[in-house]
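The shown structure was predicted, so the numbers you read here are calculated from the model rather than taken from an experiment.
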Amino acid sequence: MDIKITTNFSFNKLAGQIKKITDDFVQKVALNSEKISKSNIDSGRLAPLKESTKKWRKREGFPTSPPLKASGKMYDSIKAEGNKLSLLKYGKYHNDGKVPTTVARPFISGLSISDIKEVNKMNKKLFEDINKALKK
């Protein structure tokens with residue numbers, strides 16, 4: 001007696017496409033992170049500026065709000081580049097509270113503090129792409 005087993009999926013086909021699928025997903029995560037990180041700065045929900053900082057900004061011709069957006073250089077540097085988020089080095093210091101004269105202002109977004117609807121949409125697309133790649 002011979003038994004023949006057939007499948008309607010191919011792990012080999014998926015293996016050939018998994019790098020592109022994951023790269024596309026991570027690139028979308030980076031783009032979402034850029035958008036939400038900038039939105040976090042624009043929101044006005046970060047720790048307020050000290051009065052001395054507001055006076056300095058006014059004297060130098062910068063807007064007195066929001067925090068992290070005086071000249072706009074750091075804000076404008078927040079970019080999704082391929083599969084990563086990049087920004088000027090001191091932006092991370094402000095995010096983590098490693099600037100001696102100020103408090104932490106966590107604005108950098110990852111999946112954990114992103115728009116849940118967008119995250120669900122990205123996850124759905126990831127699984128659709130994987131299922132599509134599995135089919136013969």
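Remark: K69 qualifies as a cation-pi partner of Y75 under the 6.0 Å distance and 45° angle criteria applied to the six-membered ring.
Under the 4.5 Å side-chain criterion, counting only non-hydrogen atoms from C-beta, T64 is not in contact with L49. Residues T102 and T53 form no side-chain contact, since every pair of their non-hydrogen atoms from C-beta on lies 4.5 Å or further apart. Counting heavy atoms from C-beta on, the side chains of L134 and K13 never come closer than 4.5 Å. Side-chain contact between F107 and L87 is present, with at least one heavy-atom pair separated by less than 4.5 Å. You'll find the side chain of D96 reaches within 4.5 Å of the side chain of K92, heavy atoms only. Looking at N95 and R105, their side chains never come closer than 4.5 Å, going by heavy atoms from C-beta outward.
Across every non-hydrogen atom of A70 and F62, the tightest pair is O-CD2, 3.5 Å. Closest heavy-atom contact between Q17 and A133: OE1-CB, 3.5 Å. Heavy-atom minimum distance, A47 versus P67: O-CG, 3.3 Å.
Here F25 contributes atom CZ and N123 contributes atom CG; the two are 4.5 Å apart, rounded to the nearest 0.5 Å. The CD1 atom of I78 sits 7.5 Å away from atom CD1 of I108, with the distance rounded to the nearest 0.5 Å. For the atom pair CG of D24 and CD1 of I21, the computed distance is 8.0 Å after rounding to the nearest 0.5 Å. The structure places CG of N120 at 10.0 Å from NZ of K124, a figure rounded to the nearest 0.5 Å. Distance CE/M122 to NZ/K117: 15.0 Å, rounded to 0.5 Å.
Applying the salt bridge (charged side-chain N to carboxylate O under 4.0 Å, His left out) test to E51 and every residue at least two apart in sequence or in another chain returns K54. Partners of F127 according to the ring-ring contact (aromatic ring centres under 6.0 Å, His included) rule, which considers only residues two or more places apart in sequence or in another chain, do not exist here.
Tracing side-chain contacts under 4.5 Å through hydrophobic residues (I, L, V, M, F, W, Y), one reaches V26 starting from I130; they form part of the same cluster. Residues V29 and L126 fall within the same hydrophobic cluster, defined by Ile, Leu, Val, Met, Phe, Trp and Tyr side chains chained together at heavy-atom separations under 4.5 Å. Under a hydrophobic-cluster definition in which Ile, Leu, Val, Met, Phe, Trp and Tyr are linked whenever side-chain heavy atoms come within less than 4.5 Å, directly or via other members, L68 and V99 are assigned to the same cluster.
Taking 4.0 Å as the cut-off between side-chain N and carboxylate O, K38 and D42 do not count as a salt-bridged pair.
Between the side chain of K50 and the backbone N or O of T101, at least one donor-acceptor pair lies under 3.5 Å. Using modelled atom types, one side-chain atom of E34 and one backbone atom of A80 make a donor-acceptor pair closer than 3.5 Å. In this structure a side-chain-to-backbone donor-acceptor pair under 3.5 Å is present from T22 to I18.
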side-chain contact (heavy atoms from CB on, under 4.5 Å) between L85 and K79, intermediate numbers included: CA-CA 6 Å; L85 183 71; K79 300 267 188 241; 6.0 Å; no
side-chain contact (heavy atoms from CB on, under 4.5 Å) assessment of I41 paired with M74: CA-CA 11 Å; I41 293 172; M74 193 273 298; 4.2 Å; yes
From CA spacing to verdict: side-chain contact (heavy atoms from CB on, under 4.5 Å), K28, K125: CA-CA 10 Å; K28 285 180 183 135; K125 174 83 166 92; 3.9 Å; yes
